[in-house]
Asks: 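This is the structure I have questions about; it appears just below.
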2 protein chains.
Amino acid sequence: MRTTIYDVAKKAGVSIATVSKVFNKKGNISTETIQHVLQVAKELNYKPSFVASALTGKSTNTIGLLIPDIANSFFSEMARSIEDRGHELGYTVVICNTDNLPEKEAQYLEWLQRKSVDGIILGTGATSINVMKTLQKDRIPTALVSREIPGFNVNMVLCDDFQGAFEATEHLLKLGHTNIGFITAAFDNLCEQTRLEGYKAALKKHKVPFKEANIFSGNMSIEQTKQNVKEQLSEISKMTAFFAVNDLVAIGLIQGLKEQGFSLPNDMSIVGFDNTMLAVINDPSLTTIAQPIQKMGQLITDLLIDEINGVQAKKEKIVMKPELIIRKSAIKYKPDLKWAEN
Amino acid sequence: MRTTIYDVAKKAGVSIATVSKVFNKKGNISTETIQHVLQVAKELNYKPSFVASALTGKSTNTIGLLIPDIANSFFSEMARSIEDRGHELGYTVVICNTDNLPEKEAQYLEWLQRKSVDGIILGTGATSINVMKTLQKDRIPTALVSREIPGFNVNMVLCDDFQGAFEATEHLLKLGHTNIGFITAAFDNLCEQTRLEGYKAALKKHKVPFKEANIFSGNMSIEQTKQNVKEQLSEISKMTAFFAVNDLVAIGLIQGLKEQGFSLPNDMSIVGFDNTMLAVINDPSLTTIAQPIQKMGQLITDLLIDEINGVQAKKEKIVMKPELIIRKSAIKYKPDLKWAEN
DNA sequence: CTGAAAGCGCTAACAT
DNA sequence: ATGTTAGCGCTTTCAG
C-alpha cells in the first residue's frame with residue numbers, strides 16, 4: 001500500500017500527531033524534528049492523502065465547473081482561465097458538460113456534493129431556481145459566470161449583455177442596415193433574453209421598428225445552425241444584416257449562408273458576440289462583441305475561493321464592459337443588393 | 001452538518017451496516033427494509049459521501065486528464081469525449097493544463113495521487129520516462145492518448161502519425177509541389193517526430209530530396225506562429241506548400257501569411273493535421289488529416305476504466321487510421337508564381 | 001515541544 | 001436478515 005502517516009511516524013520515531021503538525025505547519029515543533037520528519041517523509045515518498053484529510057473536515061481543494069460543452073470555444077477558454085487561477089490557489093477543477101440538460105446538471109451536482117467539492121461554478125444555462133435553492137440549503141459555495149439568476153445572493157461575474165447587444169446592433173444600424181435579424185441559440189436563458197433586449201433598444205433608439213419575424217433560431221451546434229439557415233432561407237434573405245447571439249451561432253450562420261451561395265460580407269453583414277478565437281479565424285473574420293473571458297474566469301474563481309475561505313464581506317456582482325471589435329464580417333449597407341428590395 | 005449514514009440509520013430504526021448494504025446493494029436485506037431505508041434516506045436527502053467511502057479502500061470514481069491546454073480545440077474535443085464516456089461509466093474527470101511544462105505536470109500528478117484518483121489519462125507532451133516510472137511504481141492506472149512513450153506497457157490509443165503525415169505530404173506532392181515545407185509546434189515529442197518521418201518518407205517515395213532548411217518552427221499559440229512566420233518570411237517564401245504538424249500551426253501559418261499579404265491558397269498550399277472544428281471555419285477551409293478524436297477519447301476511457309476495474313487481460317495499443325480531408329487550402333502547383341523560381 | 005486518543009462517514013468481516 | 005465492530009489516514013483537542 002501507499003505510505004501513510006504511520007509509516008513516516010514510525011520510521012522517524014515520533015507520533016503521527018507530530019508528523020501531521022509538520023505537514024500542516026501547525027503547533028510548535030522544534031526545527032530539528034521538522035527537518036527530520038521531512039527527511040524521512042521524503043525517503044518514504046510520503047504523500048498526504050487529501051481524502052483522509054477531507055474526512056476530518058478539511059477541504060478537498062476541488063471545485064466543480066458546470067458548463068454546457070467544453071468543446072465550445074467560449075467555455076473552453078473560460079475553463080482554461082478558471083483552471084489556471086484555481087491551480088495557482090491550490091485547487092483542482094472537475095469539468096461537467098451539461099449540454100444545458102437539467103437532468104445532467106442535477107446528476108453532476110449530486111456527484112459533486114458527494115465528492116465534497118469545496119465550491120461550484122455554474123456557467124451553464126439550465127440552472128433552475130430550484131437547483132439554486134438546493135445548493136443554498138446545502139450551504140455549498142456557488143458562483144455564477146456569464147449567467148445571472150435573479151433573486152439569489154451569490155457571487156457572479158458577467159458581461160453587460162444588454163450593452164453589448166446594443167452596441168452590436170447600433171454598429172449595424174450605423175452601417176446603414178435596417179433589416180437586421182436577430183439569431184439566437186438556445187434562447188431559454190436570461191443571457192440571450194437580455195441580448196435581445198439590447199438589440200431592441202438599439203432599434204428603438206434609431207427608430208427602426210422591431211419585428212417579431214426578424215428573430216431566427218440558430219443552435220449551439222454549427223451544423224444545426226446551418227441546417228436551420230437552409231430551412232429559413234427565404235425569410236433570412238429579407239435581411240441585410242444579422243446580430244447573432246454569440247460567435248458560434250454567427251459562424252453557423254455564415255457557414256450556412258456561404259453554403260447557400262451567399263458571398264460574405266457582401267450579401268449579408270453579421271456581428272457576433274464573445275470574441276472567441278474562432279472570430280479571428282473565420283472567413284470573413286468576425287466583427288463581434290468581446291467579452292473579457294480570461295478576466296472573468298479569473299475573477300469568478302477568486303470570488304468563489306474567497307467565499308470558500310470565508311474571507312468575504314458580502315457577495316459581489318461584477319459586470320464587465322463589452323467591447324466592439326470591428327473585423328470584416330459587417331460592412332456598409334448596399335441598396336443595390338438584389339434581395340434588399342424591402 | 002450534512003446528513004450521514006447515522007442519521008438515516010437512526011431514523012429508520014436500523015443499523016448503519018444495513019443502510020450501507022442497501023445503498024451498495026450488498027448482502028441480503030428484506031425488500032421491506034430496503035424500501036423503508038430508501039424512503040427515509042430520501043426524506044433526509046441523504047447523499048453518501050464518496051470521500052468516506054474512498055477512505056475505506058473503495059474507488060473515488062475520479063480520473064485525471066493531463067493535456068497541454070484545454071483552450072486548444074484538439075484537446076477540448078478530446079476532453080469532451082473522455083468526459084462524456086467517463087460520465088456514462090460513473091466517473092468524474094479533473095482537467096489539468098500542463099502547457100507541456102514538466103514542472104506543472106509533476107505538480108498535477110502529485111495532486112492527483114494525493115486525491116486518490118482511480119486513474120490518469122496522459123495527453124500531454126511533456127511526460128518523461130521518469131514520470132512514467134513513478135506512476136508505474138505507485139501502481140496507478142495510466143493510459144496514453146495521442147501520445148506514445150516507448151518501453152512502457154500501458155494502454156494507449158493513438159493515430160497513425162506516420163501514415164497521416166505521409167498522406168498529407170503525398171497529397172501536396174501529387175498536386176505538383178516539390179518545395180514543401182514542414183512546420184512544427186513544440187517538436188519535443190515523439191508525435192511530431194513521427195510526423196516528420198512520414199513527411200520525409202513521402203518525399204523519398206516521390207524522389208524529392210529532403211532539405212533540413214525546409215523545416216520551420218511554429219508554435220501552439222497562433223499568435224506566436226504568426227510572429228515566427230514574419231521572422232522567417234524570406235525562407236518561407238521559397239516554399240510553394242506546407243505540411244503543418246497540426247491544424248493550429250496550419251492556421252497560425254495561414255493567418256501569418258495573409259497578414260504578410262499572401263493570397264491563399266493561391267500563393268501557398270497548406271495541409272494540416274487533426275481536423276478540429278477550426279479546419280472548417282478557417283479561410284480558406286483547411287485540407288487536413290482527420291484523427292477520429294471522439295472515438296479515440298472514448299476508447300482510451302474504456303481501456304483505462306477496464307484497467308481500473310481489473311477487467312483486462314493485457315494492455316492494448318490501438319492505432320487509428322487517419323484520413324485525408326480535402327478542402328480548399330491546398331491546390332495545384334502553379335509554376336508562374338513569382339517566388340516559385342525554385 | 002510532543003504524544004494519546006477520539007472522531008470524520010463509511011465498508012466489510014464477523015456475529016447473532 | 002440484521003447488527004457490532006474494527007479499521008481506512010488524517011486532524012485536533014487535551015495531557016504531559
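Within every chain, numbering begins at 1; the chains are lettered A, B, ... in the order of the sequence lines, protein sequences first and strands thereafter.
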Asks: Starting the side chain at C-beta, find the nucleotide from D:dC10, C:dG9, D:dA1 nearest to A:I16.
Replies: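 So the nucleotide nearest the side chain must be D:dC10.
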Asks: Regarding A:Y46, tell me which of base, sugar-phosphate or nothing describes its non-hydrogen contacts under 4.0 Å with the strands shown.
Replies: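 The answer is sugar-phosphate, as A:Y46 gets under 4.0 Å only of primed atoms, P, OP1 or OP2.
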Asks: For A:S20, report the nucleic acid contact type (base, sugar-phosphate, nothing); a contact means any heavy atom under 4.0 Å.
Replies: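 Base, at least one base heavy atom under 4.0 Å.
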Asks: Starting at the 5' end of DNA chain C, which residue's closest nucleotide do you reach first, A:G27 or B:T4?
Replies: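 This one resolves to A:G27.
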Asks: Rounded off to whole Å, could you give me the NZ-to-C1' distance for the B:K25 and C:dA12 pair?
Replies: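 From B:K25 NZ to C:dA12 C1': 18 Å.
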Asks: Within the 4.0 Å heavy-atom criterion, would you say B:F23 contacts the bases, only the backbone, or no part of the nucleic acid?
Replies: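 It contacts nothing in the nucleic acid.
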Asks: What is the distance, rounded to the nearest whole Å, between atom CG of A:L55 and atom C1' of C:dG9?
Replies: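 Rounded to the whole Å, the gap is 5 Å.
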Asks: Rounded off to whole Å, could you give me the NZ-to-C1' distance for the B:K10 and C:dG9 pair?
Replies: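 Answer to the nearest Å: 15 Å.
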Asks: From the set D:dC10, C:dC1, C:dG3, return the single nucleotide nearest to any side-chain atom of A:N28.
Replies: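 Side chain of A:N28 sits closest to C:dC1.
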Asks: Which nucleotide sits closest to the side chain of B:K21: C:dC8, C:dA13, D:dC10?
Replies: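 Of C:dC8, C:dA13, D:dC10, C:dA13 is nearest to the side chain of B:K21.
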Asks: Looking at the side chain of A:I5, which of C:dG9, C:dA12, D:dT11 is the nearest nucleotide?
Replies: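 Comparing C:dG9, C:dA12, D:dT11 against the side chain of A:I5, the answer is D:dT11.
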Asks: I'd like to know if the side chain of A:E192 and the backbone of A:A185 have a donor-acceptor N/O pair within less than 3.5 Å.
Replies: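 Yes, the answer is positive, given that a donor and an acceptor are paired below the 3.5 Å cut-off.
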Asks: Closer than 4.0 Å, any side-chain N/O of B:S49 to the OP1 or OP2 of C:dG9?
Replies: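 Answer no for this pair, as no side-chain N or O of B:S49 is under 4.0 Å from OP1 or OP2.
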Asks: Applying a 4.0 Å non-hydrogen cut-off, can you work out what A:V14 is touching in the nucleic acid: base, sugar-phosphate, or nothing?
Replies: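 Touches sugar-phosphate only.
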Asks: What nucleotide among D:dT12, D:dC10, C:dT11 has an atom nearest to a side-chain atom of A:K58?
Replies: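 Nearest to the side chain of A:K58 among the choices is D:dT12.
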Asks: Verify the distance criterion only: is there a donor paired with an acceptor across the side chains of A:R2 and B:S116 at less than 3.5 Å?
Replies: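 The answer is yes; a qualifying pair exists.
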Asks: Quick check on D:dC10: is either OP1 or OP2 less than 4.0 Å from any side-chain nitrogen or oxygen of A:S53?
Replies: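 No, outside the criterion.
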Asks: Please state how far atom CD1 in A:I29 lies from atom C1' in C:dC1, giving the value in whole angstrom units.
Replies: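 Distance, rounded to whole Å: 7 Å.
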Asks: Which residue lies toward the 5' end of DNA chain D, A:K26 or B:T18, if each is placed at its nearest nucleotide?
Replies: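 In this pair, the answer is B:T18.
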Asks: Side chain of A:S30 only, please: which of C:dT2, D:dT12, D:dC10 is the nearest?
Replies: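 Closest of the options to the side chain of A:S30: C:dT2.
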Asks: How long is the line joining CD of B:Q113 and P of D:dG9, in whole Å?
Replies: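 Atom CD in B:Q113 sits about 15 Å away from atom P in D:dG9.
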Asks: Between B:K26 and B:S20, is there a donor-acceptor pair closer than 3.5 Å when you use the side chain of the first and the backbone of the second?
Replies: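 Side chain of B:K26 to backbone of B:S20: no pair is present.
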Asks: Nearest whole Å is fine: how far is D:dC8 C1' from A:K47 NZ?
Replies: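 Value for this atom pair: 19 Å.
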Asks: Main chain of B:T60, side chain of B:D118: is a donor-acceptor contact present, judged purely on distance under 3.5 Å?
Replies: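 Checked: pair present.
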Asks: Rounded off to whole Å, could you give me the NZ-to-C1' distance for the B:K115 and D:dC10 pair?
Replies: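 Going from B:K115 (NZ) to D:dC10 (C1'), I get 16 Å.
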Asks: May I ask you to verify whether the side chain of B:Y6 and the base of C:dC8 hold a donor-acceptor pair under 3.5 Å?
Replies: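 Looking at the base of C:dC8, it does not pair with any donor or acceptor on the side chain of B:Y6 (distance under 3.5 Å).
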Asks: Any idea which of D:dT4, D:dC10, C:dA5 is nearest the A:A17 side chain?
Replies: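 Nearest to the side-chain atoms of A:A17, counting from C-beta on, is C:dA5.
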Asks: Rounded to the nearest Å, what distance is computed from the CG atom of residue A:L44 to the C1' atom of nucleotide D:dG9?
Replies: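 From A:L44 CG to D:dG9 C1': 15 Å.
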Asks: Side chains of A:S73 and A:S76: any donor to acceptor distance under 3.5 Å?
Replies: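 No donor-acceptor contact under 3.5 Å links the two side chains.
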Asks: Counting heavy atoms from C-beta on, name the nucleotide in C:dC10, D:dA1, D:dT11 closest to the side chain of B:T33.
Replies: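 It is D:dA1.
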Asks: With under 30° as parallel and over 60° as perpendicular, where do the rings of A:H87 and B:W111 fit, or are they tilted in between?
Replies: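 Answer is tilted, since the angle falls between 30° and 60°.
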